[in-house]
Amino acid sequence: MEGFITDWLNLALRWLHVVVAIAWIGESFYFVALDNSLKKPKDPSLVERGVFGELWHVHGGGFYNMQKYMVAPARMPEDLHWSKWPSYTTWLSGFSLFTVLYLFSPETYLIDKNVLDMGPVVAIAAALGFLAAGWIVYDSLCRLLGHNDRLLGAIVGAYVVAAAWLACHIFAGRAAYLIVGAMLATIMSANVFFVIIPGQRKMVGAMLEGEAPNPIYGKRGKQRSVHNTYFTLPVVFAMLSNHYAMTYTHPYNWAVLSVIMLAGALIRQFFVLRHRGRQLWLLPAAGVALLAAALAVTLPKHVAPQAQAANMPVVKLADIQPILQQRCVACHSAHPTMMGSAPAGVLFDTPDEISTNAQRLYQQAVVLKAMPLGNVTRMTSAEREKIAAWFSTRTQQ
């Protein structure tokens, strides 16, 4: 029953997280596109009113005229929209989901003793510390180097690569990818909470006091907002990566993650520049080339079953059933004991179910060694070799 409740909680939180993330990303992308598409107004009265740029839209059967004031309008409007709740809700729902899935089961999801042998309390503390340290280091870099956008961007990029390397040497590969993504997502939401919104409040407060707002708050907010837009596609990949073991199980998984994140940032840069009227097709081409390189590096290599190579008898399905019963059916069963339901609907209860899922079994347990998760059931190398021998000869049985 506990696993069943956990699965439903997982479903509810995941659904909420996706919905609010769509709202936040959509709003963020729209404002970046708007800001980069503004044209200097031709009407002298608009310039006199302090309008920095404007853009006309046609949508939904009507016309919209978007105007931007460089610092603030002369008079504060009565109804002012603040772009903050989608960000906060996205982070809160994501952290809740991370807690339910990873922090509640650190032995299964966070720890891989082949990477680092640590206890559950240490693993949980390390995961939480990673998120906090990610923001502290990033914010410090911005405060020190915020005057130089290019240098700051390069160092932040190097910092993300270093974080990917460190995470992949502390946590299980699947968790490492998610934690790096969660670190970036924490930075994004913290940018809104600690920098963008407070700066806007100070600007509004100055106007209400009849004072000229300090433009530094707008500049800082714009810089953090730009960083957020480049983080978005890398974060989306990290959140989806747990479905693709060929990436996080690679011996150089940190490099694979870094390459894919860079590809996402380059593709995002193409769209940012496109909104300014520049179309640098080299950027998405480079992004696709990086993805192709990641694909080539992660291509599975044929695993020659050592049992067959040693001229041992052909391994039959009945020979691997005890292995699956001991190591796999705690999750992959019609009535699992470790989870509420079998992941991806893969079952190993009957010979027919084992044969149907043979390719998945071979790929995950032998080629990628991604299953069992965290090897919590302690599948041995000899057992993996036995499964490989069975898979290579099953058509002859």
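Sequential numbering from 1 along the given sequence is applied to the chain's residues.
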Evaluate whether atom [atom1] of [X] has more than 12 neighbouring non-hydrogen atoms of other residues, nucleotides or ligands under 6.0 angstrom away.
X	atom1	result
K113	NZ	yes
F237	CZ	yes
W85	CH2	no

For [X] and [Y], work out which heavy atoms get closest and say how close.
X	Y	result
E353	L347	CB-O, 3.3 Å
N36	R276	OD1-NE, 2.8 Å
C331	P336	O-CB, 3.3 Å

Of L97, L101, V100, which is the lone residue that meets side chain to side chain contact (heavy atoms under 4.5 Å, CB included) with L9?
->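 By the side chain to side chain contact (heavy atoms under 4.5 Å, CB included) criterion, L9 pairs with just one of L97, L101, V100: V100.
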Charged N to carboxylate O under 4.0 angstrom, D35 versus K68?
->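 Counted as a salt bridge, because a side-chain N and a carboxylate O are separated by less than 4.0 Å.
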Mutual orientation of the aromatic rings belonging to [X] and [Y] [parallel < 30°, tilted 30-60°, perpendicular > 60°]:
X	Y	answer
F391	Y362	parallel
F171	F130	perpendicular
F348	H332	tilted

Backbone N or O of [Y] within a donor-acceptor pair of the [X] side chain at under 3.5 Å?
X	Y	result
S93	T89	yes
D349	S333	no
N253	T249	no

Modelled atom types, side-chain donor and acceptor of T350 and D352, under 3.5 Å = no
Donor-acceptor pair between R49 and Y69 side chains, under 3.5 angstrom =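 Side-chain D/A pair, R49 to Y69: present.
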Does F231 have R268 sitting over its ring (NZ/CZ under 6.0 Å from centre, angle to axis within 45°)?
-> no
Hey, could you give me the CD1/CG distance between I260 and L233, rounded to the nearest 0.5 Å?
-> 12.5 Å
Decide yes or no on side-chain contact (heavy atoms from CB on, under 4.5 Å) for F29 and H275, but give the supporting numbers first.
-> CA-CA 11 Å; F29 277 19; H275 296 313; over 6 Å; no
Can you list the residues that meet the side-chain hydrogen bond (donor to acceptor under 3.5 Å, both in side chains) rule with Y159, with sequence neighbours excluded?
-> none
Under 6.0 Å between ring centres, would you say that holds for F193 and W91?
->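 Not close enough - the centres of the two rings lie 6.0 Å or further apart.
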